[in-house]
Structures are given as structure tokens and as C-alpha cells.
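Structure record follows, encoded as C-alpha cells.
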There are 2 protein chains.
Amino acid sequence: MDKTELFNHFLAEKSLKKTQGRDNIVKTAASMKGHFDAEQLLSAVKKKDSKISRASVYRTLPLLVKAELVKESIQKDGRRIYEFSQGHGHHDHMLCVQCGEIIEFRDDVIEQRQKQIAEKYNFKMTDHRLEIRGLCSKCTP
Amino acid sequence: MDKTELFNHFLAEKSLKKTQGRDNIVKTAASMKGHFDAEQLLSAVKKKDSKISRASVYRTLPLLVKAELVKESIQKDGRRIYEFSQGHGHHDHMLCVQCGEIIEFRDDVIEQRQKQIAEKYNFKMTDHRLEIRGLCSKCTP
DNA sequence: TTGCAAATGAGACTCAATATCAATACGGAG
DNA sequence: CTCCGTATTGATATTGAGTCTCATTTGCAA
């Protein structure tokens, strides 16, 4: 079952309507390489459907997140950054403050440790975000 | 050497001027308990100096961050949250999405692990932020 | 096919944060 | 201590991401 179909199922489950706009948005999101923000997605969708409105993209993004097709990634200069879930599971990010590159990594020790900490505080973790800022290897003098 | 004096040294080093406004802002920031955003700091400073402008607070906050007297904490509803560095060192945050409570914690295993990860990628870490979202013990059904 | 609720497009609106700019105040030179 | 150039300030305009509104359109169940 491909991503578009998954989204259709999601819509059906929630009694939401399958529309041309939503379809274009999922398809486009799925074709985005790497990380993107709402405006970038909007421009991309506009290439297929120049009539799509900013509001539709902003309205559909949370749906894609709920459907787990898209993940909210880090925040960059106050902008929300997203990424399409390519099935490669949870990971964290390093952000180069110089060139803006985003490097993904995953560390099970940290993952495990977070669970333990949440438990210790009786905190029911639904989400977590680890962001390392600094200079990537290319930008280090 | 107290915090205000530290800031004066910072200003001198950077050839910035010591002004009444900046002084009120540091002193007020130092008196803030827990986490605060720019608007809260502004209202607090206004109690001492009703003429202080929003711009001055927004201009001074980055200075306080550079002087390491204030830390940028998490983002909450698109607002930037700060906290005065009470000398209790680095820590991370859990944010209750229900009641908004912010719980601080510190875990050396995670800290250590982050360093190792950054090294592995030849990434020069300057800062990092771990944010666990979910429900605090009070808000868990 | 029809009826009506859901969804859309266009643009107004919000709100944090930044930029502008004339007036003011700091602090080094004298 | 006084004067002067420049950093800083206050007031306000502007930006920009994100949200809201509402008349119009569209999907879909009957």
C-alpha cells in the first residue's frame, strides 16, 4: 500500500474527504527530498496546481503529521521544518548554524535513557526532540 | 562578582555601552523566577522603568544570552522561552502539553553520549537542546 | 441526481520579532 | 568637567509565519 493510499485510508477513518488538493499535497510531500517547510511545500504543489492556496497546505500539513506520513522536525529561525517519513524511523538532528545543513542520527542509548527519565518523573512521553547545534565538518576551520 | 557586574564586564569587552536600560533589564531578568518570554520580561522591566521600549528588551536579550547570563530554553507556541542562568548548569526540559509545566532534568549519560555522537560526525557542538513532550504526572489520567 | 456538510481559495488578520529613524545619552578626548 | 561623535533608545512601522473568515465550490451518501 503506497503513501497516497495510506493517506486515503486515514481520511476515510476520520470521515474526511478525499480531495484533489489533498491528493496533490501528499504526492508532492512524498516527492520532497530531505527537509522542507510549509512555504517550500506550497511552491512545489503550485507547480502542479497553481490554484492551490497557502491555507490548504497549512491545513493539510497537520493531517499528514497525524497520519504519520510526515514528521515535524526541528525549528529553524522560527520556521517549522518537516520531513516526509521515508520509513527510516525516529532519528534526531544536528543543525549546522553556518551552512544550515541538517544531519540525521539515531542513538539507541539516548532513546532508552529518555524513556527511563520520563518514567522516573511519571511523565508520559509522547514525543521528543534532540537537536545538536554547531558547525558541521565542512564549516569547521 | 555578581551578575550585573558580569554583564558590565561583558559590555566593556565588546565596547558596548553601559546604559540605564540595559542595567534594568539584567537586574529584572536576574529576579525572574523560572522561565519567561520576552513580553513577560518587558512587563517586569516596565514596573521599574515605564518608559522602557519593547525593542530594547528584544535587543538586550541576545546580549544576555551571549554573556551567558540567560539561556534560550525551549519554544512554546512559537514563542521563545528564556531562563536566567542560576548557575545550576546545563539541563534539559520536559514540557507538559496539557498544563504547560516545564520540568528540568539533567542526565550525564545523555550529555556524554551527545559529545561522542558529535565527535563521530566531526561536528563541533556549540549547543544542544533536548525536549521531551508529553503529559506530566498531574495531567496523566 | 440532489442536497448539504466539508473543503477550498483569497485575502484579512494575529502576534512575535525585527527594522527604521529621529532624538537622546554614554563615555573618551581634551 | 565639558564637549562631541556615536551607540543606544523609544516609538512605531514592517515583516513573516501561521491562523482565521467567509463566500463559493466540491465530495459523497442517500
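Below, read A as the first sequence line, B as the second, and so on, with proteins coming before strands; counting in each chain starts at 1.
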For L16(B) and for D37(B), find the nucleotide of DNA chain C with the closest heavy atom, then tell me which residue's nucleotide is more 5'.
-> D37(B)
d(CG, L61(A); P, dT8(C)) in whole Å | 13 Å
Would you indicate whether K71(B), at its atom NZ, is surrounded by more than 12 heavy atoms from other residues, nucleotides or ligands within a distance under 6.0 Å?
-> yes
From the list dA17(C), dA7(C), dG27(C), which nucleotide is the closest neighbour of the side chain of A38(B)?
-> dA17(C)
Over how many whole Å does the gap from K76(B) atom NZ to dC15(C) atom P extend?
-> 17 Å
Mapping R54(B) and G21(B) onto DNA chain D by nearest heavy atom, which one lands closer to the 5' end?
-> G21(B)
Taking atom C1' of dT8(C) as reference, at what distance in whole Å does atom CG of D23(A) sit?
-> 15 Å
Considering the terminal five base pairs at each end of the helix from dT1(C)-dA30(D) to dG30(C)-dC1(D), what angle separates the two local helix axes, rounded to 10°?
-> 30°
For nucleotides 21-25 of chain C, give me every protein contact, N/O to N/O, under 3.5 Å, one pair per line with atom names.
none

Rounded to the nearest Å, what distance is computed from the NZ atom of residue K18(B) to the P atom of nucleotide dA7(D)?
-> 19 Å
Other ILVMFWY residues reachable from V97(B) by side-chain steps of under 4.5 Å | L135(B)
Interatomic distance where CD1 belongs to I52(B) and C1' belongs to dT9(D) [whole Å] = 8 Å
Y58(A) atom OH is separated from dA12(C) atom P, nearest whole Å, by 17 Å
